[in-house]
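Just below is one structure, and these are the notes that go with it.
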Amino acid sequence: MEEDGTATTAPTPARTRNRRGEGARLRDDIVAAAVELLEETGDESAITLRSVARRVGIAAPSIYRHFPDQPAIMLAVAQQAFAELEGQLSAALDAGDDPRQRLFAVCHAYLTFAEDHPGRYRTMFGGLWMPDLSEGTLTDTDISSLGDANLALLRGALGDCVAAGYATSTDLVADSVALWLGLHGLAHQRSVTVAFPWPPDIAERIITTLAHLHAE
């Protein structure tokens with residue numbers, strides 16, 4: 001609206017109070033608001049209790065019923081992103097019956113997720129969010145356990161290749177970590193490099209080498 005030629009911004013409408021038993025929905029709304037702010041700004045500092053509350057349409061103190069501080073909200077954002085990634089990697093395992101094909105499908109699904117969700121991806125791996133464990137409520141376990149399920153899926157896909165005779169890995173734990181680091185490095189460099197003549201088969205080269213796959 002305008003008064004005397006001056007534009008004014010309408011206040012954010014108050015959120016309808018949740019009915020009994022709908023607290024989980026409010027928690028989900030808080031996380032969704034944080035994700036939206038992060039993707040819009042690309043800046044963790046934009047995620048504050050006040051900004052998230054404003055986006056959801058609640059009073060800032062209402063957040064404390066679900067999150068004790070801002071790092072706890074950021075942890076929930078990262079956990080949700082890892083869960084989304086896990087869903088995409090799991091779906092990629094349905095690529096076919098051939099273990100080699102499934103491994104490539106899982107790896108490419110990882111790279112696609114990183115490309116499609118750059119803000120969330122950087123949050124997952126410290127590009128936008130680096131929590132200080134000496135402050136706040138987060139613990140070493142909260143952070144170190146992030147991504148465990150995703151790494152397990154990658155390790156399982158590699159193990160299937162070994163069992164089928166496609167790969168020669170003798171240490172699935174170490175080699176799956178190495179494979180993840182290769183994928184992460186490629187995903188990161190693609191996101192921060194303005195122009196580079198990437199070989200068209202660079203992903204296949206990384207996967208084949210780090211998974212110890214036999215040449216076809």
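Keep in mind the model is a prediction, meaning the values are calculated, not measured.
Of the possible polar contacts, one joining the Thr41 side chain to the Asp43 backbone as a donor-acceptor pair under 3.5 Å is found. No side-chain donor-acceptor contact under 3.5 Å links Arg50 to the backbone of Ala59.
Counting heavy atoms from C-beta on, the side chains of Leu49 and Phe67 never come closer than 4.5 Å. Under the 4.5 Å side-chain criterion, counting only non-hydrogen atoms from C-beta, Leu154 is in contact with Cys107. Under the 4.5 Å side-chain criterion, counting only non-hydrogen atoms from C-beta, Leu183 is in contact with Leu111. Looking at His117 and Gln88, their side chains come closer than 4.5 Å, going by heavy atoms from C-beta outward. Between Arg120 and Val35, the closest side-chain pair of non-hydrogen atoms falls below 4.5 Å. Contact annotation: the side chain of Leu85 approaches that of Met124 to within less than 4.5 Å [non-hydrogen atoms, C-beta and beyond]. Side-chain contact between Leu179 and Leu103: present, with at least one pair of heavy atoms (C-beta onward) separated by less than 4.5 Å. Side-chain contact between Ile58 and Ile63 is present, with at least one heavy-atom pair separated by less than 4.5 Å.
Annotation for Val56 and Ala33: closest pair CG2-CB, 3.5 Å, computed over non-hydrogen atoms. Nearest heavy-atom pair across Ala34 and Ile47 is O-CD1, 3.3 Å. The nearest pair of heavy atoms linking Thr137 to Pro68 is OG1-CG, 3.5 Å. In plain terms, the two heavy atoms of Ser191 and His188 that are nearest each other are OG-O, 2.6 Å. Considering every non-hydrogen atom in both Leu37 and Ser51, the closest pair reads CD1-OG, 3.7 Å. Between Ala167 and Leu213 the shortest heavy-atom distance is CB-CD2, 3.8 Å.
Residues Phe196 and Val192 are members of separate hydrophobic clusters, defined by side-chain heavy-atom contacts under 4.5 angstrom among Ile, Leu, Val, Met, Phe, Trp and Tyr. A single hydrophobic cluster is not seen to contain both Leu138 and Met130; linkage of ILVMFWY side chains at heavy-atom distances under 4.5 Å, directly or through other members, places them apart. Val106 and Val173 are not part of a single hydrophobic cluster, where members link through side-chain heavy atoms under 4.5 Å apart.
Among residues two or more places apart in sequence or in another chain, the side chain to side chain donor-acceptor pair (under 3.5 Å) test is passed with Glu36 by Arg55.
The line from CG of Leu93 to CG of Asp160 is 8.0 Å long, rounded to the nearest 0.5 Å. Distance check: Leu151 CG to Leu146 CG gives 12.5 Å after rounding to the nearest 0.5 Å. The structure places CG of Asp132 at 4.5 Å from CD of Glu135, a figure rounded to the nearest 0.5 Å. In this structure, CG in Leu26 is found 7.0 Å from OG in Ser62, a value given to the nearest 0.5 Å. Atoms CG and CG, from Leu133 and Asp140 in turn, are 5.5 Å apart once rounded to the nearest 0.5 Å. With rounding to the nearest 0.5 Å, the separation of CG in Leu153 from OG in Ser176 is 11.0 Å.
For the residue pair Asn150/Tyr110, the side-chain donor-acceptor check at 3.5 Å is not satisfied. For Asp142 and Thr139, the side-chain atoms include at least one donor-acceptor pair closer than 3.5 Å. Under 3.5 Å, the side chains of Tyr166 and His212 contain no donor-acceptor pair of N or O atoms. Under the 3.5 Å distance criterion, with hydrogens and angles disregarded, a donor-acceptor pair is assigned to the side chains of Glu204 and His108. Side-chain atoms of Thr141 and Ser144 form no donor-acceptor pair, as typed in the model, at a separation below 3.5 Å.
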- [ ] Would you check, one step at a time, whether the test side chain to side chain contact (heavy atoms under 4.5 Å, CB included) holds for Gln189 with Trp198?
- [x] CA-CA 10 Å; Gln189 288 305 123; Trp198 296 104; 3.6 Å; yes
Open item on the list: Go through it in stages, so that I can follow the logic: the residues are Leu75 and Trp129, the test is side chain to side chain contact (heavy atoms under 4.5 Å, CB included), and I'd like the CA-CA distance, side-chain angles, deciding distance and then a yes or no.
Closed with: CA-CA 9 Å; Leu75 175 65; Trp129 176 54; 4.0 Å; yes
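Screening residues 80-106 for ring-ring contact (aromatic ring centres under 6.0 Å, His included) gives Phe82-Phe125 as the qualifying pairs, with residues at least two apart or on separate chains.
More than 12 heavy atoms of other shown residues, nucleotides or ligands fall within 6.0 angstrom of atom CG in Asp201.
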